[in-house]
Visitor: 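I'd like to ask some things about the structure below.
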Protein chains: 6
Amino acid sequence: MEPGKLDPGEVRFFCGSSNQPLASQIAEYLGVPLDPTHISNFSNSNLYIQLGASVRGRRVYIVQSLSPPADEHLMELMMMLDIARGASAREIHAIIPYFSYARSDKKDAPRISITARLVADLLQTAGATHAMSMMLHSPQVHGFFSIPVDPLSSRPVLEQYFRNKDLSDTVVVAVDMGHAKSAARFAKNLGLPVAAGNKERVSDTEVRISGIVGDHVRDCQRALLYDDEIATGGSVYEISRMLIQAGIKEIWVACTHGVFTKGGLDRLAAVPQITEIIATDTVHLPEHRLHPKLHTVSVARIFGEAIRRNYLRRSIGDLFVFGEKEAE
Amino acid sequence: MEPGKLDPGEVRFFCGSSNQPLASQIAEYLGVPLDPTHISNFSNSNLYIQLGASVRGRRVYIVQSLSPPADEHLMELMMMLDIARGASAREIHAIIPYFSYARSDKKDAPRISITARLVADLLQTAGATHAMSMMLHSPQVHGFFSIPVDPLSSRPVLEQYFRNKDLSDTVVVAVDMGHAKSAARFAKNLGLPVAAGNKERVSDTEVRISGIVGDHVRDCQRALLYDDEIATGGSVYEISRMLIQAGIKEIWVACTHGVFTKGGLDRLAAVPQITEIIATDTVHLPEHRLHPKLHTVSVARIFGEAIRRNYLRRSIGDLFVFGEKEAE
Amino acid sequence: MEPGKLDPGEVRFFCGSSNQPLASQIAEYLGVPLDPTHISNFSNSNLYIQLGASVRGRRVYIVQSLSPPADEHLMELMMMLDIARGASAREIHAIIPYFSYARSDKKDAPRISITARLVADLLQTAGATHAMSMMLHSPQVHGFFSIPVDPLSSRPVLEQYFRNKDLSDTVVVAVDMGHAKSAARFAKNLGLPVAAGNKERVSDTEVRISGIVGDHVRDCQRALLYDDEIATGGSVYEISRMLIQAGIKEIWVACTHGVFTKGGLDRLAAVPQITEIIATDTVHLPEHRLHPKLHTVSVARIFGEAIRRNYLRRSIGDLFVFGEKEAE
Amino acid sequence: MEPGKLDPGEVRFFCGSSNQPLASQIAEYLGVPLDPTHISNFSNSNLYIQLGASVRGRRVYIVQSLSPPADEHLMELMMMLDIARGASAREIHAIIPYFSYARSDKKDAPRISITARLVADLLQTAGATHAMSMMLHSPQVHGFFSIPVDPLSSRPVLEQYFRNKDLSDTVVVAVDMGHAKSAARFAKNLGLPVAAGNKERVSDTEVRISGIVGDHVRDCQRALLYDDEIATGGSVYEISRMLIQAGIKEIWVACTHGVFTKGGLDRLAAVPQITEIIATDTVHLPEHRLHPKLHTVSVARIFGEAIRRNYLRRSIGDLFVFGEKEAE
Amino acid sequence: MEPGKLDPGEVRFFCGSSNQPLASQIAEYLGVPLDPTHISNFSNSNLYIQLGASVRGRRVYIVQSLSPPADEHLMELMMMLDIARGASAREIHAIIPYFSYARSDKKDAPRISITARLVADLLQTAGATHAMSMMLHSPQVHGFFSIPVDPLSSRPVLEQYFRNKDLSDTVVVAVDMGHAKSAARFAKNLGLPVAAGNKERVSDTEVRISGIVGDHVRDCQRALLYDDEIATGGSVYEISRMLIQAGIKEIWVACTHGVFTKGGLDRLAAVPQITEIIATDTVHLPEHRLHPKLHTVSVARIFGEAIRRNYLRRSIGDLFVFGEKEAE
Amino acid sequence: MEPGKLDPGEVRFFCGSSNQPLASQIAEYLGVPLDPTHISNFSNSNLYIQLGASVRGRRVYIVQSLSPPADEHLMELMMMLDIARGASAREIHAIIPYFSYARSDKKDAPRISITARLVADLLQTAGATHAMSMMLHSPQVHGFFSIPVDPLSSRPVLEQYFRNKDLSDTVVVAVDMGHAKSAARFAKNLGLPVAAGNKERVSDTEVRISGIVGDHVRDCQRALLYDDEIATGGSVYEISRMLIQAGIKEIWVACTHGVFTKGGLDRLAAVPQITEIIATDTVHLPEHRLHPKLHTVSVARIFGEAIRRNYLRRSIGDLFVFGEKEAE
């Protein structure tokens, strides 16, 4: 770490209710206190929030993941932004480790919402002057924001995790062709080959993995399944079955956002060949929802370092995930 | 009803998940179909909404109460507004029978949010071009909106309900001095005397009714308790006890927004002297939460008539609740 | 006073023509000069204004009360804000001791303007980035502003004034039920009982005080009439007559904003039992309009302290008037 | 007049207090009623305005000149615009026959306001969706508005007036070189020669006419002094003296905006050689301020026709005053 | 075609200088005249544009492709939008057959511009109220616009073209994995197999096709190369060489936007196996830049039909290209 | 030069491709490096720009003249502004030595654009927070900007140039009456008499100089022709012919913006009596377009000094060109 510290008198650091452990670690990395926030509900279910430290003229950072229940966590975040603005904060940074709405980034049917754009606009209306997030579903979501955004990458911590392991006979597998490029870069950094599932939409509600593109699978014993977000884990489950049929003996599942809803974690963990499930802590799982096969690696250092450099006005481009360059 | 109908080809009428029965009745009053809306959740808890009829160039009305769970109902509404805008609707009317956030209309502590203003701004960001609501917590909330707002009154239907009853020996009682003016007008229209509870804040979390202002209580057998919104019903319960001590034999409880959370309805209904609880249908209560003492009067006709006149460009001032005129 | 001073090189301090004496005192409290402003009229009655000190990159404070003639004072303020913005000021603070338009805070008739909201928007259009005011007519007016607002309280200086007097046998009387809560808090701080006038609107142009709520009046010799703003003084005059009929021997009249138009001051002063009229200096009265019974207490210290803490980024919540907390 | 009428059910036509006679004539031309407006002042000098006809979904036209007292007339106009917007008008047209602030169209000193731009922004904030005005001080003022503007010309009615007179031996004289182009076009249409005064600023407060440019003056008996706006009439008075010295026997003074403040009209009328003073009715002069030498020609027909064509979506370019074309 | 026509009195239809032939055909399809536009340059190179028909209260459609020179074509479009707004048009539709900036849709390096978002904002600032475009580079670009956008598909006309040909032994080949999904849908509609080139970035300026994914190539005689935009044609050229090496005997090259710069068309046409190059007319090529192997299919009917339905307020979803649905 | 320097760590200084020599000189004056910018074109003609130094939290200055090709230079500037904003710059200053669009400052025909206002709005949309320019075509253009603007004057450097010469028997001649005031001030500072050409529009495309106003011409041997911008030089050529006919023996041509298109420079230089053509370097002319008679004086010092004082928050009013004061 280069020298340079935050002045605690200059900074206020808050978090919503979605991921207090991550916020605490970021605050610790930065050497500033996590300021208290009072969050409760009125009897009509409306939120009541009070920030516990004066923000007048300060740089305010608010950490909140838009994990389930997403709407409530969004409303918390917007109210906190609004409070900071109304109380004359100088800068208001929305630190959103998991920006779940990024998946709604285009119209794939008539009369639906490009919700990621809507939420970007709502956050600005509520008072955000800058945002940070991690591994947005598509790099174009960056362009939905009118305020500056720093899109951070989780790859360094995931790569670090795997560099400490024996990677022989291993192939990186992207669940979907759409993420093949991202997986390829991950594989390249680890010196591994890459393959991808060919996901097809069978009907409005059903998706099928019709095959695996890439010959390397047959030559390998182990697959490192790589995805950006896992909720029910349906696709991962299906592609795991195909990999096993193709002769793979061991599967590691790695993702950035481990949402793990509707029994998704247990379902994957029940597959014997899946020996490890690795996720970052952008989404907080309470203790009772953890599983012995689940390994969590923290992105606190990345968010902390990005905030530190933002504060010190240093470039943070090397912490970014840039969209893949294309060329004609 | 004056003549004049909506052209169904010109209008699209939708509702969120909060109060479909009321929306259906309004649509019926207007003679237009309630257009279908598909609402579901992605596995990461994000909402997915699709409007089921083309809105291009149409006047779109969206009915949604911000009843519990308020944040989810708000997000539904904002996404529906956004869809209508993105699909080139000509006018987008947010019909919000119960605008719960109106209670957060001022700063009564440092570093809290005037959430009613925030939500007014969010609705405009999401695409609303006009709003209708009913019995806003304070008349000033009207001024939080940058778009035109029609603040409707529930008094006509409540008064109608009581006009059919024997009102002898009855006094109207406001729960709080802050609503004494509104109660006084209600009482005057029914030809009844008025009194008010003197609510005092004991501590941050506790409130006490310290007495009842007005001599009429001693001369009456029956009290008509009048409030704008009842959730847990704590204040109503307490003032009822005082009225009973003061000799009142029968109590009718009337309110516009019957939120009835945390067992509030059962608690009130358990008081023998409370023989009737009257609420409008701005908040929808599922069947299992109803109680024999609860009588619901519908405001569908008022919303329907306001929409009809808005459509026909007629004045709807006589359906409004105007703030009380003051004078020096 | 805590330590901490304004850097005169960092600050520019101006005032319009409405209340130069107050502005001078605030500047003195802050230890900065009151920078000159040239204000004149073109022959077609348009205002011509020139600020007399460079504001480039500075924090600019502009003091202006919206006292009569309110429209001209508003236009002065807006032009001064516009000049500061066009000349690259860094922050532009509108310090508005008397925000008269706050009385138009709701629609109490069809097709009128919620002028307080309009003026809040106009001030932002003109360039204000922050505002301070005192004793807004209702706490909700705070929410009409899109920029941060500090709503200051005059109670400390009024209470200080009365603490030095013999308060035995005295009751605080609010002119109107609508301000009973505010009066109650004032009374509580002085350890006095409270009562309130029951003001009723007889017709569009006539208002009548129909009685006084509260039994304490009969037990007291002296009444302390408490209101936020007095212009013609009609209501105060009427309630004084009732108090005298009820046996009150001496009346002190206290208000924040002493507008005193149309002979209002002389009319009140002519009542023998009214021995003192106390107002703050949010509205400037020229010497020839003063009266021996009028005592003015200055709020310069409160505005000065609020500006000082704003500058030093300290909390100023204890100088605020918070809306009354309500509870169900 | 081409066929085509306004549908009175579609249109609402109001005016502020500045120029009701002109508004009445425009309304008459259009065949629609002048809808009533209630304007009064609260005792604290704030304006209270109520529009007297429902505007919901209508096209609203509001006529108001920004003549003295300009600030009050501006505030009236802004409140009327705000009311129309808040009451759901479909279009809101600000008809401003005399836009006095247009004279503040540039910075000719540091730290002053380009007030014409500020007012253009304020009108939009208040709700105007379109504006009409006449003979703006400079054609660039058009570009200060973000909403569409129709800048109308008074020349047709002034030319019509003079065409009925004997124009032999007459020269058109512009008071200032800055308006020479406009005067030249006027002269050309009447088939007359043109000359111009050479106005020089002596000091901040004093201006001197140092001479007259153009040889025609010596050959003529009569001068037609042409200006856009006359207030105190100082420059006109001075140039008249020079013209008389140069041998001119009779002077006609013509202007669009006859503001005539500070005795300006009487001063000019006292010059024996000035036999006629012609102004339009963009500024209303009450009867007691009129003078026998003053002839008023009405622009009601021009505003009426412009509104009619706007309503009927016909081109109104031939009613405009276009900025002079320049060329390299 | 369903019945329903545009009212020529209601509509104004203009085009910039980029693609007048396409605009003429769309106008013809719609049965409205293509209104004249005068476009020239001042001697300092600034554009001078005058619209040749009154737009007051009309629905204005402006057709302009952002083809080379893109900046000049963009400026033409923005000035035309601005003119329409300033002249009181009711709706202003930007019809942009080729939105070239869509390729800059993400940050793939630090300190570059997401130019597609910038241009979307500029078009709104200039006055556009609605936009139509075709085959945007990525479906997320839709979300960059704050105004409603209709993203049209060219597939119907391209498919129609190929349906008339012998498609035996033919495989559809996407130039890049990134467009494999779009190609797959195209192939599916024609009942053909699909393959894709594996494009890799070698350095900042160099890209290499490292192979072809999909086994069908070996079984086929003919390849249908499918891309959204071809400029220099470098990638198409390279993949063609690989296909020929792999045994392909005949190549058809098809794209939506045939930009064909820097000799790109001649270079491709010089390959003997490339027997046909098919492009739509979203980009206009002057006669001297055409080539006998180039076949142009017109999208005029699609734009015309989309405008017609927009005008008639009918759904145009079936003319859209929706982003691919994804699923977990 | 007063003391005070820019902190190079605080400032980033870039330029577009229009005038790198001037930008370099300004940077040198300021003692900061000219940071690199990469500008290239995609094959579809779209611009690709990357700023070569981190701007996070910095004050960014971008120098770009809108000289031919104006549209491309404008797009470069807007993209650079957008990049700076997206990369979290603190202030973004658009330094535009030659704002060519200023000539389109009014509507002199129906359905044209006030392009100067449009461009002012576009620059703000793209991210500019402050602008500097020089000798705007009319002072009102200042009011088209919503952001603060510093309109600088070139007169000091031009006057300095002529003060070193023998000015006996010399008259300053404005090409057009419209610029007579500006020329008069220039003449006054040099102690010279002034005259002006009388330019008349003959038809839409033709302009004629009909004469010269001012008697001094006959008494002088030398004319100093003074204009703000020269492109083809047509008017200058014509008035030179008239001056020669009137007996002038030598002509110096001076202007701020030497655009010199379409052989304008050679045409003027071919007139024997024109012995010198003086222009500033707001427009960069490549070496091959220079001419021995052309003398360039640099405004780098003026821009540098204005930036320095802006940075140091000192008044820069004495570097401005203020619009001429007018008076009635």
Side-chain angles (χ1 to χ4, degrees), chain C residues 38 41-55 66-76 78-84 86-87 98 100-101 103-104 107 109-115 117-119 121-122 124-127 229-234 257 259 261-262 264 283, chain D residues 38 41-55 66-76 78-84 86-87 98 100-101 103-104 107 109-115 117-119 121-122 124-127 229-234 257 259 261-262 264 283:
Chain C
H38 171 76
N41 283 86
F42 287 109
S43 55
N44 65 1
S45 96
N46 284 7
L47 278 165
Y48 175 84
I49 300 185
Q50 184 175 34
L51 298 185
S54 174
V55 302
L66 301 179
S67 52
D71 300 332
E72 194 170 324
H73 286 155
L74 174 60
M75 190 67 188
E76 276 184 15
M78 292 195 295
M79 284 176 66
M80 293 172 81
L81 296 168
D82 181 54
I83 294 168
Y98 171 48
S100 54
Y101 301 97
R103 298 202 55 168
S104 298
K107 282 210 179 165
R111 272 161 274 120
I112 66 166
S113 167
I114 301 182
T115 316
R117 170 64 197 260
L118 171 63
V119 173
D121 286 346
L122 294 177
Q124 186 176 17
T125 296
E229 165 183 336
I230 299 179
T232 60
H257 307 298
V259 187
T261 51
K262 300 182 185 169
V283 175
Chain D
H38 172 77
N41 284 84
F42 287 109
S43 56
N44 66 1
S45 94
N46 284 7
L47 279 164
Y48 174 84
I49 300 185
Q50 184 174 34
L51 297 186
S54 173
V55 302
L66 301 178
S67 51
D71 300 332
E72 195 170 323
H73 286 157
L74 174 61
M75 191 67 188
E76 277 184 15
M78 292 195 296
M79 285 176 66
M80 294 174 79
L81 295 169
D82 181 53
I83 294 168
Y98 173 48
S100 54
Y101 301 97
R103 297 203 55 168
S104 299
K107 280 209 180 166
R111 272 160 274 120
I112 66 167
S113 168
I114 301 182
T115 316
R117 170 64 197 259
L118 170 62
V119 173
D121 286 347
L122 295 177
Q124 186 176 17
T125 296
E229 164 182 338
I230 299 179
T232 61
H257 308 298
V259 187
T261 51
K262 301 181 185 170
V283 175

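Source: prediction; values computed, not measured. Just so we're on the same page: letters track the sequence lines, and every chain starts at 1.
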Visitor: Go through the atoms of D/Leu74 and report whether side chain, backbone, both or neither lie under 4.5 Å from a heavy atom of chain C.
Guide: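 The answer is the side chain of D/Leu74.
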
Visitor: With only heavy atoms counted, which part of D/Asp121 is less than 4.5 Å from chain C, the side chain, the backbone, both or neither?
Guide: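 Both backbone and side chain of D/Asp121 come within 4.5 Å of chain C.
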
Visitor: Quick one: which of D/Ile114, D/Thr261, D/Val259 has the most heavy-atom pairs under 4.5 Å with chain C, could you say?
Guide: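 Ranked by contacts with chain C, first place is D/Thr261.
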
Visitor: If we define contacts as heavy-atom pairs under 4.5 Å, which of D/Glu72, D/Met75, D/Gln124 has the most with chain C?
Guide: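 Counting heavy-atom pairs under 4.5 Å, the top option is D/Met75.
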
Visitor: Is there a side-chain contact between D/Thr115 and C/Leu47 in this structure, where contact means two heavy atoms from C-beta onward sitting under 4.5 Å apart?
Guide: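 No - every pair of side-chain heavy atoms lies 4.5 Å or more apart.
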
Visitor: C/Ala126 and C/Met78: which non-hydrogen atoms are nearest, and at how many Å?
Guide: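 Scanning both residues, the minimum pair turns out to be CB-O, 3.7 Å.
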
Visitor: Please work out whether the ring planes of D/Phe42 and D/Tyr48 are parallel, tilted or perpendicular, with thresholds of 30° and 60°.
Guide: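 Taking D/Tyr48 first and then D/Phe42, their aromatic rings stand perpendicular (interplane angle over 60°).
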
Visitor: Taking D/Ser54, D/Gly264, D/Gly127 one by one, which has the highest count of heavy-atom pairs under 4.5 Å against chain C?
Guide: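 Option with the greatest count: D/Ser54.
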
Visitor: Judged by atom type as modelled, is there a donor-acceptor pair below 3.5 Å linking the side chain of D/Ser100 to the main-chain atoms of D/Leu66?
Guide: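 Looks like yes, one N/O pair under 3.5 Å.
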
Visitor: Relative to chain C, which segment of D/Met79 carries a heavy atom at a distance below 4.5 Å: side chain, backbone, both, or neither?
Guide: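 Contact with chain C involves both backbone and side-chain atoms of D/Met79.
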
Visitor: Let me know if D/Val119 has heavy atoms under 4.5 Å from chain C in its side chain, its backbone, both or neither.
Guide: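 The side chain, not the backbone.
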
Visitor: With only heavy atoms counted, which part of D/Ile49 is less than 4.5 Å from chain C, the side chain, the backbone, both or neither?
Guide: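 For D/Ile49, the backbone is the part near chain C, not the side chain.
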
Visitor: Measuring from D/Asn44:CG to C/Ile230:CD1, what's the distance to the nearest 0.5 Å?
Guide: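 Answer for the CG-CD1 pair, D/Asn44 versus C/Ile230, is 13.0 Å.
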
Visitor: Quick one: which of D/Gly52, D/Ala87, D/Ser113 has the most heavy-atom pairs under 4.5 Å with chain C, could you say?
Guide: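 Most pairs with chain C among the choices: D/Ser113.
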
Visitor: Are side-chain heavy atoms of D/Gln50 and C/Pro110 found at a separation under 4.5 Å?
Guide: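 A side-chain contact under 4.5 Å exists here.
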
Visitor: Less than 4.5 Å to any heavy atom of chain C: does that hold for the side chain of D/Ala84, its backbone, both, or neither?
Guide: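 Interface part for D/Ala84: neither.
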
Visitor: Please give me the minimum heavy-atom distance between D/Ser45 and C/Ala70, naming the atom from each residue.
Guide: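 Closest approach of D/Ser45 to C/Ala70, heavy atoms only: OG-N, 3.1 Å.
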
Visitor: Can you give me the closest heavy-atom contact between C/Ile112 and D/Ile83, atom names plus distance?
Guide: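 Looks like C-CG1, 3.5 Å.
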
Visitor: Side chain from CB out, backbone as N, CA, C, O: work out which of these in D/Met80 comes under 4.5 Å of a heavy atom of chain C, or both, or neither.
Guide: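 Neither the backbone nor the side chain of D/Met80 comes within 4.5 Å of chain C.
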
